[in-house]
Amino acid sequence: PLDNLQARLTYSTGFRAPQAYDEDLHVTAVGGDGVQITLAENLKEERSNSFSGSVDWSKALGHWQTNILLEGFYTDLANVFVLEDIGRNSEGFMMKERRNGNGARIYGGNVEAKVAHGKDISLQLGFTAQQSRYKSPEAWSEIDGEALTTTRMPRTPDLYGYFTLTGSPFDNFNISLSGTYTGRMFV
């Protein structure tokens with residue numbers, strides 16, 4: 001019946017101001033090479049328009065409570081931030097410049113499910129499949145003067161998921177087991 005069903009549609013927009021992020025410095029420094037990031041002179045804010053829709057179904061089956069959520073999402077990024085190698089400075093540090101790319105699209109879907117028997121035991125899990133792609137190839141590195149390009153956004157896996165199993169076998173005693181899955185990604 002429709003009593004157990006909820007549907008949602010959302011739209012949001014936002015921006016991210018230009019800045020050099022600490023995460024960029026940490027991730028790049030892992031390779032042992034010092035890096036300095038500068039901002040391009042004409043760097044504009046990154047802007048997003050996001051749409052999502054979901055259907056949520058809940059049902060009680062005796063002492064068991066169940067829930068399944070299906071969701072789809074789409075985000076369009078304008079002036080997406082990209083890092084490009086611009087050489088080395090006088091101290092030998094690698095130099096990268098944060099510039100605006102041509103844009104990107106992130107889209108996909110996810111499913112989440114939960115089943116619980118009162119407070120005794122519950123299992124919650126979720127899985128997401130998505131695509132995070134630049135609208136046109138962006139340079140991510142250079143080897144022997146040749147730019148290496150990709151349409152895949154770095155550090156964003158196409159697949160990821162989680163699970164959490166919790167239980168209360170005795171009064172004042174809880175136990176929990178959880179895990180995450182992070183798919184392959186371009187780094």
Side-chain angles (χ1 to χ4, degrees), residues 5-31 35 37 39-40 42-58 66-86 94 96-115 123-143 146-164 178-187:
L5 198 64
Q6 293 183 14
R8 294 177 192 86
L9 292 174
T10 63
Y11 167 77
S12 61
T13 187
F15 73 95
R16 187 165 62 161
Q19 69 182 54
Y21 301 98
D22 290 340
E23 298 86 34
D24 295 326
L25 300 174
H26 293 300
V27 170
T28 312
V30 170
V35 177
I37 296 175
L39 302 179
N42 58 350
L43 186 64
K44 298 177 186 172
E45 74 274 2
E46 187 178 83
R47 293 213 162 259
S48 67
N49 288 294
S50 299
F51 304 88
S52 70
S54 65
V55 176
D56 191 0
W57 179 78
S58 299
T66 60
N67 177 258
I68 296 175
L69 172 78
L70 300 172
E71 180 181 39
F73 55 89
Y74 175 87
T75 299
D76 184 78
L77 294 175
N79 302 319
V80 65
F81 295 148
V82 296
L83 283 176
E84 292 192 27
D85 290 337
I86 56 173
M94 182 184 298
K96 291 189 178 234
E97 185 175 65
R98 183 171 308 283
R99 298 176 180 171
N100 290 118
N102 291 318
R105 293 182 182 99
I106 298 96
Y107 55 91
N110 68 292
V111 60
E112 293 186 22
K114 182 175 183 179
V115 61
L123 173 66
Q124 184 171 353
L125 49 94
F127 187 78
T128 301
Q130 72 174 32
Q131 297 280 304
S132 303
R133 302 294 188 261
Y134 294 119
K135 292 179 182 176
S136 61
E138 298 289 348
W140 63 274
S141 187
E142 189 174 298
I143 295 180
E146 185 177 336
L148 302 176
T149 62
T150 184
T151 57
R152 291 183 63 118
M153 295 182 81
R155 301 188 303 268
T156 55
D158 289 343
L159 304 172
Y160 52 94
Y162 74 94
F163 79 91
T164 303
S178 64
T180 59
Y181 169 76
T182 303
R184 296 176 66 180
M185 65 184 109
F186 179 70
V187 292

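All of these numbers come straight from a predicted model, not from anything done at the bench.
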> When rounded to the nearest 0.5 angstrom, what distance separates OH in Y162 from CZ in F127?
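Output value for this atom pair is 12.5 Å.
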> For N102 and S136, work out which heavy atoms get closest and say how close.
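Closest approach of N102 to S136, heavy atoms only: ND2-OG, 2.6 Å.
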> Just wondering, are more than 12 heavy atoms of other shown residues or ligands nearer than 6.0 Å to OH in Y181?
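Counting neighbours around OH of Y181, more than 12 heavy atoms of other residues, nucleotides or ligands fall under 6.0 Å, so yes.
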> Nearest 0.5 Å, what's the CD-OG1 distance between Q130 and T156?
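The CD atom of Q130 sits 6.5 Å away from the OG1 atom of T156.
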> Show your working on side-chain contact (heavy atoms from CB on, under 4.5 Å) between F73 and T10 and close with a plain yes or no.
CA-CA 9 Å; F73 55 89; T10 63; over 6 Å; no
> Of all heavy-atom pairs between R152 and R133, which one has the smallest distance, and what is that distance?
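Shortest heavy-atom contact: NH1-NH2, 3.5 Å.
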> So, for F51 and Y11, is the gap between ring centers shorter than 6.0 Å?
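Yes, close enough.
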> Minimum heavy-atom separation for S48 and T13, please, with both atom names.
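Closest pair (atom of S48, atom of T13, distance): O-OG1, 2.7 Å.
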> Under 3.5 Å, is there a donor-acceptor pair between the side chain of N67 and the main chain of W57?
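Judged by distance alone, yes, a pair lies under 3.5 Å.
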> Nearest 0.5 angstrom please: E97 CD to L39 CG, how far?
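Spacing of CD (E97) from CG (L39) equals 8.0 Å.
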> Once rounded to the nearest 0.5 Å, what's the spacing between atom OH of Y74 and atom OG of S50?
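Y74 atom OH to S50 atom OG measures 9.5 Å (nearest 0.5 Å).
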> Tell me, please, which residues at least two apart from N100 pass side chain to side chain contact (heavy atoms under 4.5 Å, CB included).
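So N100 forms a side chain to side chain contact (heavy atoms under 4.5 Å, CB included) with L43, K44, N79, F81.
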> Do T164 and S178 pass the side-chain hydrogen bond (donor to acceptor under 3.5 Å, both in side chains) test, and can you show the C-alpha distance, the side-chain angles, and the key distance before you say yes or no?
CA-CA 4 Å; T164 303; S178 64; 5.0 Å; no
> Return the set of residues passing side-chain hydrogen bond (donor to acceptor under 3.5 Å, both in side chains) with K135 (not counting sequence neighbours), or none when no residue passes.
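Applying side-chain hydrogen bond (donor to acceptor under 3.5 Å, both in side chains) to K135 gives D76.
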> Distance from I68 atom CD1 to K114 atom NZ, nearest 0.5 Å?
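Between I68 CD1 and K114 NZ, I get 13.5 Å after rounding to 0.5 Å.
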> Just jot down the side chain to side chain contact (heavy atoms under 4.5 Å, CB included) partners of S54, sequence neighbours excluded, or say none.
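R8, L69, E71.
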> Might you point out which heavy atoms bring P154 and Y134 nearest each other, and give the distance in Å?
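Closest pair (atom of P154, atom of Y134, distance): CD-OH, 3.4 Å.
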> I need the minimum non-hydrogen distance between T182 and P157, along with the two atoms involved.
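Looking at all heavy atoms of both residues, the closest pair is CG2-CG, 3.8 Å.
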> With rounding to the nearest 0.5 Å, note down the distance linking CG in L148 to CD in E138.
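So the CG of L148 and the CD of E138 are separated by 13.5 Å.
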